[in-house]
Amino acid sequence: MDIKLTAFDMDGTLLNDKKELPADFPEWVKKHPEIKKVIASGRQYYTLRDNMGELKDEFLYVAENGAIVYGKGETLYCDEIMPEDLRYCVERLNRMEGVYPMLCGIDGAYISQGTKEEVYCEASMYYHQLTKCENVLDAALQDRVVKIAIYVENYQVEKAAKAFEDLPDRLAVVVSGDSWIDIANRSANKGAGIAAIQRKFQIMPEECMAFGDYLNDVELLRSCGESYCMENGHPLLKRIARHIAPSNNECGVMQIINKI
């Protein structure tokens, strides 16, 4: 099997439940300069670079669930939400209870000063470039916003997602975790980000491998010929994947790539 690109989701996939990388992952990365290595995550680019530490320059980054792609600090792809759609969504969110939106752009993410401290701390885990704002919308409109990440209290993500079922067709809602939903352009997903990389480097889908665990990884897995859902992954994603990998806590990603 001639694999030229390998893409990894982070939470629930490459990372174990303690948010740790597999011990032998850095060595594998350094031993395979011939393979394009992609981190494909709902996390922010700045967070992902911090997460990868000394390996940060070894990767391409499909960040914000595919809405932005970065390579060597350069923005390779960006799927920006139109300002009128941004205003529409923010106005609706302001009328809802138990939800805390962040507006995510190229330069950082923006959250209300009135956000509960425990929610801010949770958000800070995933968004290292996070600014508290008196007027979130005004601040975000100075950037190029690609995603609205919404923290939902009491694990009511399915209920919150249903509240946005009547969005304009160009927008989509994705459940990205047990406390998070994302709103972005329907065209923005991890698969679109991978496709942008494939075009740039002239890599065919059948030369690519991807690992994921949740519903925001559907398009990621579909964009790669060799697709793996983790054993701990969502049942619907398991139906889409070509293969099942051992769980994230068993370093399932490493078990697969070491064999191949």
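Keep in mind that the numbers below use all heavy atoms, side chains included, and drop hydrogens, waters and symmetry copies.
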Quiz prompt | Ring-face cation contact, Phe201 with Lys36, 6.0 Å cut, 45° max | solution =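 The answer is yes; both the distance and angle limits are met.
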
Practice problem: Compute both the distance and the angle, then confirm whether Arg92 meets the cation-pi test with Phe164: under 6.0 Å from the six-membered ring centre, within 45 degrees of the axis. | Solution: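 Yes, a cation-pi geometry holds between Arg92 and Phe164.
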
With a 4.0 Å cut-off, would you call [X] and [Y] a salt bridge?
X: Glu231; Y: Lys238; value: yes
X: Glu54; Y: Lys30; value: yes
X: Arg222; Y: Asp217; value: no
X: Asp79; Y: Lys147; value: no
X: Arg144; Y: Glu80; value: yes

Indicate whether the side chain of [X] and that of [Y] have a donor and an acceptor atom separated by less than 3.5 Å.
X: Tyr126; Y: Asp11; value: no
X: Gln44; Y: His128; value: no
X: Arg170; Y: Asn185; value: no

Quiz item: By side-chain hydrogen bond (donor to acceptor under 3.5 Å, both in side chains), which residues pair with Gln156, not counting sequence neighbours?
Solution: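 Per chain and number, Gln156 pairs via side-chain hydrogen bond (donor to acceptor under 3.5 Å, both in side chains) with no residue.
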
Within a radius of less than 6.0 Å around [atom1] of [X], do more than 12 heavy atoms belonging to other residues, nucleotides or ligands occur?
X: Lys132; atom1: NZ; result: yes
X: Glu34; atom1: CD; result: yes
X: Lys31; atom1: NZ; result: no
X: Glu84; atom1: CD; result: yes

Sub-4.5 Å side-chain heavy-atom contact between [X] and [Y]:
X: Asn248; Y: Thr13; result: no
X: Leu130; Y: Met102; result: yes
X: Leu137; Y: Arg87; result: yes

Quiz item: Which atoms form the tightest heavy-atom contact between Leu141 and Pro83, and what is the distance?
Solution: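 Taking Leu141 first and Pro83 second, the nearest heavy atoms are CD2-CB, 4.0 Å.
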
Quiz item: Which heavy atom of Ile106 sits nearest a heavy atom of Tyr70, and at what distance?
Solution: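 Heavy-atom minimum between the residues: O-OH, 3.4 Å.
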
Practice problem: Compute the ring centroids of Phe8 and Phe25, then answer whether they are less than 6.0 Å apart. | Solution: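 Yes; Phe25 has its ring centre under 6.0 Å from that of Phe8.
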
Exercise. List in chain and number order the residues that pass salt bridge (charged side-chain N to carboxylate O under 4.0 Å, His left out) with Glu118, two or more places apart in sequence or in another chain; answer none if no residue qualifies.
Key: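 Partners of Glu118 under the salt bridge (charged side-chain N to carboxylate O under 4.0 Å, His left out) test: none.
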
